[in-house]
Amino acid sequence: MGEASETHTGWTFLTSHARVLAAIAEDRRTRIRDIAVRCRLTERAVQKIISDLEEGGYLTHTREGRTNAYRIQPGTILRHPAEAGMTVDGLLSALAQQDAKQGARRDAPLALPRERDSDSAR
């Protein structure tokens with residue numbers, strides 16, 4: 001347990017920090033183990049990322065029984081100068097929109113390719 005379910009080599013567009021933040025936004029009481037599986041990271045990596053996000057002011061947590069409840073600070077500005085003015089809430093909204101579009105595509109029936117006019121004329 002705690003191991004990433006798949007390995008990935010090379011670079012990606014979204015950072016692991018963004019993926020972890022999105023997982024927490026989806027379920028604020030999610031377990032580190034579940035975040036690790038979803039993000040294909042180790043539990044140790046997720047713990048480090050959560051610590052980074054808390055130190056950066058993007059996230060806080062409170063203990064509720066045996067679990068943590070996370071609170072995202074939605075108005076916090078993203079760190080990179082190229083995203084000047086973009087907030088965590090804006091990033092999470094964009095990711096949620098994309099997830100909704102992908103979900104709609106998965107639920108849609110497969111469209112069969114149409115025959116070309118030249119093929120039907122033969």
Side-chain angles (χ1 to χ4, degrees):
M1 294 222 158
E3 292 302 315
S5 59
E6 291 181 24
T7 59
H8 175 77
T9 58
W11 60 274
T12 63
F13 283 97
L14 293 179
T15 67
S16 296
H17 285 65
R19 287 189 181 98
V20 168
L21 198 62
I24 291 170
E26 190 172 292
D27 178 3
R28 68 182 211 97
R29 289 185 175 88
T30 190
R31 299 178 307 168
I32 287 176
R33 175 179 295 159
D34 297 329
I35 296 170
V37 169
R38 175 181 173 165
C39 297
R40 297 184 172 116
L41 299 167
T42 63
E43 289 180 33
R44 186 176 180 98
V46 171
Q47 288 172 333
K48 172 69 171 113
I49 289 168
I50 288 173
S51 176
D52 289 347
L53 292 170
E54 285 183 319
E55 286 176 21
Y58 295 93
L59 185 68
T60 60
H61 80 275
T62 55
R63 198 78 177 144
E64 292 184 358
R66 293 178 51 183
T67 63
N68 287 322
Y70 298 98
R71 179 164 165 36
I72 294 172
Q73 305 302 320
T76 308
I77 304 295
L78 299 183
R79 292 170 47 114
H80 197 280
E83 290 107 26
M86 185 173 190
T87 63
V88 168
D89 194 42
L91 171 67
L92 293 173
S93 293
L95 293 174
Q97 276 184 323
Q98 185 60 33
D99 282 349
K101 286 178 188 176
Q102 286 178 334
R105 274 190 241 131
R106 279 192 295 265
D107 295 338
L110 281 177
L112 298 175
R114 293 177 51 196
E115 289 184 18
R116 295 189 316 227
D117 292 331
S118 60
D119 291 341
S120 58
R122 289 186 197 170

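Side chain of Ser93 to main chain of Asp89: a donor-acceptor pair is present (N/O by atom type, distance under 3.5 Å, no hydrogens or angles). Between the side chain of Arg29 and the main chain of Thr67, no donor-acceptor pair closer than 3.5 Å is present. With Tyr58 contributing its side chain and Ile77 its backbone, the two residues share a donor-acceptor pair below 3.5 Å.
We find the CG-CG distance between Leu78 and Leu91 to be 5.5 Å, quoted to the nearest 0.5 Å. Interatomic distance, CG of Leu21 versus CD of Gln73, reported as 10.5 Å (0.5 Å rounding). From His61, atom NE2 reaches atom OH of Tyr70 across 6.5 Å, with rounding to the nearest 0.5 Å. With values rounded to the nearest 0.5 angstrom, Glu43 atom CD is found 9.0 Å from Asp34 atom CG. With values rounded to the nearest 0.5 angstrom, Ile72 atom CD1 is found 6.0 Å from Ile24 atom CD1. Between the CG atom in Asn68 and the CZ atom in Arg31 there is a gap of 12.0 Å [rounded to 0.5 Å].
The shortest side-chain heavy-atom distance between Ile49 and Ile35 does not fall under the 4.5 Å cut-off. Counting only heavy atoms from C-beta outward, the side chains of Arg19 and Leu41 never approach each other to under 4.5 Å.
In Arg71, the CZ atom is not crowded: 12 or fewer heavy atoms of neighbouring residues, nucleotides or ligands sit closer than 6.0 Å.
Here the shortest heavy-atom pairing between Arg63 and Arg66 reads NH2-O, 3.3 Å. Of all heavy-atom pairs between Thr87 and Gly75, the closest is CG2-O, 3.7 Å.
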